[in-house]
2 protein chains.
Amino acid sequence: MGEVRVLLVDDHPVVRAGLRAMLTGFDGISIAAEASDGRAALHELARLAALGGMPDVVLMDLQMGEGMDGVTATAEIRKLHPAPPVLILTTYDTDADILAAVEAGASGYMLKDAPPEQLRQAVLQAAAGGTALAPRAAALLMDRISNPGTSLTPREVQLLELLATGLSNRAIARQVFISEATVKTHLVHIYGKLGVDNRTAAIAAATQRRIIRPPGARG
Amino acid sequence: MGEVRVLLVDDHPVVRAGLRAMLTGFDGISIAAEASDGRAALHELARLAALGGMPDVVLMDLQMGEGMDGVTATAEIRKLHPAPPVLILTTYDTDADILAAVEAGASGYMLKDAPPEQLRQAVLQAAAGGTALAPRAAALLMDRISNPGTSLTPREVQLLELLATGLSNRAIARQVFISEATVKTHLVHIYGKLGVDNRTAAIAAATQRRIIRPPGARG
DNA sequence: CCCGCAGTCAACCTTTTGGTTGATCCCGTC
DNA sequence: GACGGGATCAACCAAAAGGTTGACTGCGGG
């Protein structure tokens with residue numbers, strides 16, 4: 001039957017070379033095109049569509065040094081008409097990454113340290129319209145539906161962001177026009193929800209869970 | 001002959017495949033062996049030594065999911081007798097990573113998003129006993145020797161990293177086996193050099209200037 | 001051989017944070 | 001119309017962090 005044609009999206013030439021070598025080594029899988037960021041991926045898809053054939057699956061990295069990130073690109077791709085399934089292939093398996101990817105409409109979530117055979121299975125599965133999840137991704141989603149979970153309120157997230165810029169309680173208070181007492185109250189709530197007991201740990205935890213962006217944005 | 005024989009050390013099969021494909025595609029470079037972490041790399045070196053030939057260069061990732069990390073492995077390799085040069089190939093270019101690598105005795109520091117040709121040059125250079133540095137790494141080291149006073153010392157960077165994980169002064173003190181008083185002294189120096197006056201601002205500043213990786217950036 | 005600097009530590013004091021209790025207000029929902 | 005949660009604030013105390021001064025060590029360069 002037909003070959004499964006893959007669009008590779010990753011900003012590292014080394015990783016693209018690895019995936020190319022690995023995937024083309026499998027029977028029934030070929031590389032349709034490659035892109036180094038989300039924007040380029042969309043261009044490639046437009047080009048391929050014009051040439052008559054969408055790829056059967058997009059293999060997408062989440063962390064892109066510059067340009068459009070993987071989550072945004074995935075969401076954009078889902079809007080296309082012959083929308084190819086997007087299989088996320090990334091380095092990290094944090095809650096926020098997994099959740100963001102699934103929310104964006106990814107068909108799967110695999111890790112770069114997965115053995116080649118698992119990767120092959122995942123690509124074929126996604127191309128066939130199925131789902132492929134790394135063990136931890138699957139576990140997280142199961143846990144999520146059984147456990148709604150305590151999440152931060154928008155206000156708390158806002159204060160957390162200011163916190164991460166290095167502002168004192170007083171400075172934060174002035175910034176958002178509330179009293180220092182209120183800032184402290186919010187922080188106590190935040191610490192409780194994040195399971196920490198000081199501001200630096202809160203920043204670390206919130207950054208890790210991608211609740212806030214790292215201070216001094218980078219890919 | 002004159003082939004440059006490389007030992008690949010990276011925990012990701014995909015990346016190893018990429019490097020293998022890329023490097024073997026170059027004339028004069030071949031893969032002697034591969035390892036998925038520092039410990040395995042040392043085993044491979046012992047095995048290769050027994051078989052009569054150390055590799056001409058070790059291409060080492062810094063962030064290893066599990067097992068011995070790249071810095072430790074690099075330091076260990078330097079203790080060997082026919083010690084092959086170690087070329088670091090990693091994702092991040094923060095001061096902390098660069099300094100740690102250089103201190104451990106690395107012969108070069110390259111980033112994974114480097115174009116293939118640059119990578120080839122770096123491998124050949126390292127194998128020939130030379131040095132290969134990514135622009136930012138080179139700039140950092142130049143800056144260090146021209147104005148040592150204004151930049152952070154390795155010790156200060158180390159404490160900064162612990163700070164960013166959310167540890168208290170006491171916890172940091174215990175972690176590095178010094179007194180809390182000393183931690184405070186270091187922090188005061190750090191604040192002065194970064195132009196801030198509290199720990200969260202220090203984390204923000206240090207992250208922004210890429211002195212440390214963002215809190216929670218996992219290996 | 002001396003100097004400077006990184007690194008170590010102590011004592012002391014001020015400011016900031018962390019943690020608690022309790023209260024008011026508003027806005028949805030049951 | 002009662003209930004609960006989010007947001008707001010105050011007062012208070014304990015703990016941690018910030019800042020200063022001063023001192024000792026070890027090491028490399030002039």
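Throughout, protein chains are lettered first and strands after them, A, B, ... in sequence-line order, and every chain is numbered starting at 1.
- For the segment residues 158-172 of chain A, the set of residues with a heavy atom within less than 4.0 Å of an atom of DNA chain D is empty.
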Take B/V9 and B/D61 through the test side-chain contact (heavy atoms from CB on, under 4.5 Å) and record every step on the way to the result. CA-CA 6 Å; B/V9 189; B/D61 189 14; over 6 Å; no
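- Applying side chain to side chain contact (heavy atoms under 4.5 Å, CB included) to A/V58 and the options A/L8, A/T74, A/V86 leaves one that passes, A/V86.
- The side-chain heavy atoms of A/P84 and A/L7, taken from C-beta on, include no pair separated by under 4.5 Å.
- Atom pair B/D197:CG and D/dT20:C1' shows a separation of 15 Å (rounding to whole Å applied).
- When the side-chain nitrogen and oxygen atoms of A/R155 are compared with OP1 and OP2 of D/dT8, one or more of them lie within a distance under 4.0 Å.
- Direction change of the helix axis from one end of the helix from C/dC1-D/dG30 to C/dC30-D/dG1 to the other is 40°, with five pairs defining each end axis (rounded to 10°).
- A straight line from CD of A/E180 to C1' of C/dG19 spans 15 Å, rounded to a whole angstrom.
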Heteroatom pairs (N/O) under 3.5 angstrom, protein to nucleotides 28-30 of chain C:
none

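- Contact of the B/L62 side chain with the B/Y92 side chain is not registered, since no non-hydrogen atoms from C-beta on lie closer than 4.5 Å.
- For the salt bridge (charged side-chain N to carboxylate O under 4.0 Å, His left out) criterion with B/D93, the lone passing option out of B/R213, B/R210, B/K112 is B/R210.
- In this structure, A/H189 places its NE2 atom 12 Å from C1' of C/dG22, rounding to the nearest Å.
- Side chain of B/Q118 to main chain of B/P115: no donor-acceptor pair is present (N/O by atom type, distance under 3.5 Å, no hydrogens or angles).
- For B/A181, whose side chain is taken as the heavy atoms from C-beta onward, the closest listed nucleotide among C/dA10, D/dC9, C/dT8 is C/dA10.
- C/dT16 atom P lies 15 Å from atom CG of A/L187, rounded to whole Å.
- A straight line from CG of B/N198 to P of C/dT16 spans 10 Å, rounded to a whole angstrom.
- Although no hydrogens or angles enter the test, the distance criterion places no donor-acceptor pair under 3.5 Å between the side chain of B/D11 and the main chain of B/E66.
- Comparing C/dT8, C/dG18, D/dA7 against the side chain of B/H186 picks out C/dT8 as the nearest.
- When the nucleotides C/dT8, D/dA7, C/dT17 are ranked by their closest atom to the side chain of A/K184, C/dT17 comes out on top.
- Formation of a donor-acceptor pair under 3.5 Å by the B/D37 side chain with backbone atoms of B/M68 is found in this model.
- Using a 4.5 Å heavy-atom threshold, the side chains of B/P55 and B/L45 count as touching.
- Backbone-only engagement by B/S179 is indicated by non-hydrogen atom pairs under 4.0 Å involving sugar-phosphate atoms exclusively.
- Residues B/L59 and B/L23 meet the side-chain proximity criterion, which asks for heavy atoms closer than 4.5 Å.
- Comparing A/Y191 and A/T185 along DNA chain C, the residue whose closest nucleotide (by nearest heavy atom) sits nearer the 5' end is A/Y191.
- Regarding A/I190, its CD1 atom lies at a distance of 15 Å from the C1' atom of D/dT8, rounded to whole Å.
- Here the nucleotide nearest the side chain of A/T153, chosen from C/dG19, D/dA7, D/dC9, is D/dA7.
- The shortest side-chain heavy-atom distance between A/V183 and A/L162 does not fall under the 4.5 Å cut-off.
- Set against C/dT20, C/dC9, D/dC9, the side chain of A/V188 has C/dT20 as its closest nucleotide.
- Between B/D95 and B/R136 there is a salt bridge, since a side-chain N of the basic residue sits under 4.0 Å from a carboxylate O of the acidic one.
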